[in-house]
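Starting from 1, each residue takes its place in the sequence as its number. Just the heavy atoms: all of them, side chains too, but no hydrogens, waters or symmetry mates, feed the values below. These numbers come from a predicted model, not from an experiment.
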Amino acid sequence: MKDLKSECRLAVVQARPVMFDKAECLRKALRLIDECAANGAELIVFPELFIPGYPYGMTFGFTVGSRKEAGRKDWKVYYDNSILADGDEMHAIIDSAVKNGVYVSIGYSERDGLSGTLYNSNMMISPEGQALNHRKLKPTGSERVVWGDADRDFFPVMDTPWGPMGNLICWESYMPLARVALYEKGISLYISPNTNDNPEWQDTIRHIAIEGHCYFINCDMFFERSDYPATESAAAEIAALPDIVCRGGSCVIDPFGHLVSDTVWDKEGVIYADLDMQKVPASRMEHDACGHYSRPDVLSLSLLRFK
């Protein structure tokens with residue numbers, strides 16, 4: 001392992017998106033990047049699908065074997081407010097990272113520049129303007145009617161002063177071999193942009209931090225039923241949701257599985273945490289998942305498709 005910068009000033013942004021409005025989501029993201037940087041953050045992390053929001057509870061008119069026209073109209077609104085990986089909105093975020101001299105990780109609904117497919121994606125951006133895109137390998141459950149399976153951009157890892165940094169989106173972290181793909185690249189910062197506010201998730205994130213002996217950055221979303229826009233098809237679906245649709249639960253876990261921040265529930269907020277990066281190599285004394293505590297002669301991971 002290369003020498004690591006001893007401390008990372010992290011900002012975990014638990015913020016509500018401006019649902020289905022890419023322009024307002026972008027405006028909010030840029031404001032928050034400026035705010036976090038002004039407070040000394042060196043790495044700023046946003047939730048899953050911050051642009052243009054997570055359409056929790058909506059079916060878009062899909063039932064087995066049929067679609068409804070009103071649902072198709074709602075999907076088109078969501079499509080129109082999804083953004084290109086190399087489009088104007090993402091370039092504005094990259095420019096903000098460069099201007100502020102910070103690393104940024106942001107979740108967004110990616111509109112493919114060639115096909116009509118959407119992807120649940122996350123972009124990691126360096127202060128020099130490098131941008132590494134990750135598409136969610138397997139959308140979870142009914143997410144599959146909105147976003148496609150990743151067809152490229154598998155397991156990117158960004159070199160940082162604090163060691164390699166990677167991300168898995170929400171339930172990708174329940175895919176053991178996906179985690180191993182990151183561990184094999186030596187990550188010290190494991191970013192998890194997600195919309196997962198169930199209590200079991202809080203146990204999962206501690207397990208992964210210990211398993212990978214890395215910092216687990218749990219960035220969840222907060223939003224309420226009142227944040228939804230008017231829709232063609234989903235008025236009854238939205239009305240049936242609780243007042244708080246996603247409670248959040250963002251926090252930071254150290255390589256020993258201990259909380260190093262408060263856990264934020266039921267509100268927007270920015271978590272600032274100063275990470276002692278020397279804990280990463282120290283924690284691997286007795287367990288290094290892809291180093292001395294491995295048996296590559298017995299167990300190995302082969303990535304079948306990389307491009």
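- Arg67 forms no cation-pi arrangement with Phe60, by the criterion of a distance under 6.0 Å to the ring centre and an angle within 45° of the ring axis.
- Here Tyr119 sits alone; no ILVMFWY side chain lies under 4.5 Å from its own, so it joins no hydrophobic cluster.
- No side-chain heavy atom of Pro242 sits under 4.5 Å from any side-chain heavy atom of Ile244.
- Applying the ring pair (Phe, Tyr, Trp, His ring centres under 6.0 Å) rule to pairs touching residues 209-265 yields Tyr190-Phe216, His213-His287, sequence neighbours excluded.
- Atom-to-atom distance recorded for Ile83:CD1 and Ile93:CD1 is 5.5 Å, nearest 0.5 angstrom.
- When the shell of 6.0 Å around CZ of Arg225 is examined, it contains more than 12 heavy atoms from other residues, nucleotides or ligands.
- The backbone N or O of Pro164 lies less than 3.5 Å from no partner atom in the side chain of Thr160, so there is not a single donor-acceptor pair.
- Using a 4.5 Å cut-off between side-chain heavy atoms of Ile, Leu, Val, Met, Phe, Trp and Tyr, with links allowed through other members, Leu118 and Leu49 fall into the same hydrophobic cluster.
- Looking at Lys68 and Glu232, no side-chain N of the basic residue comes within less than 4.0 Å of a carboxylate O on the acidic one, giving no salt bridge.
- Residues Val264 and Val260 are members of one and the same hydrophobic cluster, defined by side-chain heavy-atom contacts under 4.5 angstrom among Ile, Leu, Val, Met, Phe, Trp and Tyr.
- Atoms CZ and SG, on Arg16 and Cys246 in that order, are 11.5 Å from each other to the nearest 0.5 Å.
- The distance from the CD1 atom of Ile94 to the CD atom of Glu128 is 12.5 Å, given to the nearest 0.5 Å.
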Got a list of side-chain donor-acceptor pairs under 3.5 Å for residues 135-147, not counting sequence neighbours?
unit_1: Arg135; atom_1: NE; unit_2: Glu110; atom_2: OE1; d: 3.0
unit_1: Arg135; atom_1: NE; unit_2: Glu110; atom_2: OE2; d: 3.4
unit_1: Arg135; atom_1: NH1; unit_2: Asp151; atom_2: OD1; d: 2.5
unit_1: Arg135; atom_1: NH2; unit_2: Glu110; atom_2: OE2; d: 2.7
unit_1: Arg135; atom_1: NH2; unit_2: Asp112; atom_2: OD2; d: 3.1
unit_1: Lys136; atom_1: NZ; unit_2: Thr140; atom_2: OG1; d: 3.3
unit_1: Lys136; atom_1: NZ; unit_2: Glu143; atom_2: OE1; d: 2.9
unit_1: Lys138; atom_1: NZ; unit_2: Asp149; atom_2: OD1; d: 3.4
unit_1: Lys138; atom_1: NZ; unit_2: Asp149; atom_2: OD2; d: 2.9
unit_1: Glu143; atom_1: OE1; unit_2: Thr140; atom_2: N; d: 2.8
unit_1: Glu143; atom_1: OE2; unit_2: Tyr54; atom_2: OH; d: 2.6
unit_1: Arg144; atom_1: NE; unit_2: Pro139; atom_2: O; d: 2.8
unit_1: Trp147; atom_1: NE1; unit_2: Ser109; atom_2: OG; d: 3.1

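- Listed by chain and number, the residues in a ring-ring contact (aromatic ring centres under 6.0 Å, His included) with Tyr108 amount to none (sequence neighbours excluded).
- In summary, the side chains of Ser105 and Asn122 do present a donor paired with an acceptor at a separation below 3.5 Å, with no hydrogens or angles considered.
- With rounding to the nearest 0.5 Å, the separation of CG in Leu168 from CD1 in Ile191 is 10.5 Å.
- No continuous path of hydrophobic side-chain contacts links Val13 to Leu10 [ILVMFWY only; heavy atoms under 4.5 Å].
- Rounded to the nearest 0.5 Å, atoms OG1 (Thr59) and CH2 (Trp75) are 15.0 Å apart.
- Salt-bridge annotation for Lys99 and Asp95: absent, with no side-chain N of the basic residue lying under 4.0 Å from a carboxylate O of the acidic one.
- A salt bridge is defined here as a Lys NZ or Arg NE, NH1 or NH2 lying under 4.0 Å from an Asp or Glu carboxylate O, and Glu24 with Lys28 fails to meet this definition.
- Side chain of Asp74 to main chain of Ser233: a donor-acceptor pair is present (N/O by atom type, distance under 3.5 Å, no hydrogens or angles).
- Residues forming a side-chain hydrogen bond (donor to acceptor under 3.5 Å, both in side chains) with Asn100 (at least two apart in sequence, or on another chain): Asp34, Ser96.
- Both Ile51 and Ile44 belong to a common hydrophobic cluster when Ile, Leu, Val, Met, Phe, Trp and Tyr are linked at side-chain heavy-atom distances under 4.5 angstrom.
- Aromatic ring centres of Tyr174 and Trp171: separated by under 6.0 Å.
- In this model, a donor atom of one side chain and an acceptor atom of the other lie less than 3.5 Å apart for Tyr183 and Glu211.
- Asp220 and Gln14 form no side-chain donor-acceptor contact under 3.5 Å, judged by distance and modelled atom types alone.
- Applying the 6.0 Å contact sphere to CG of Asp274 captures more than 12 heavy atoms from other residues, nucleotides or ligands.
- The SG atom of Cys219 sits 8.0 Å away from the CD1 atom of Ile271 when rounded to the nearest 0.5 Å.
- Residue His134 is tested with Met124, Met123, Glu172 for a side chain to side chain contact (heavy atoms under 4.5 Å, CB included); the sole match is Glu172.
- Asp88 CG: 12 or fewer foreign heavy atoms inside a 6.0 Å radius.
- Remark: side-chain polar atoms of Ser66 are not paired, donor with acceptor, to backbone N or O of Phe62 under 3.5 angstrom.
- Side-chain contact between Pro47 and Asn194: absent, with no pair of heavy atoms (C-beta onward) separated by less than 4.5 Å.
- With sequence neighbours left out, Tyr103 forms a ring-ring contact (aromatic ring centres under 6.0 Å, His included) with Trp162.
- With respect to the salt-bridge test (charged N to carboxylate O, under 4.0 angstrom), the residues Arg9 and Glu42 do not qualify.
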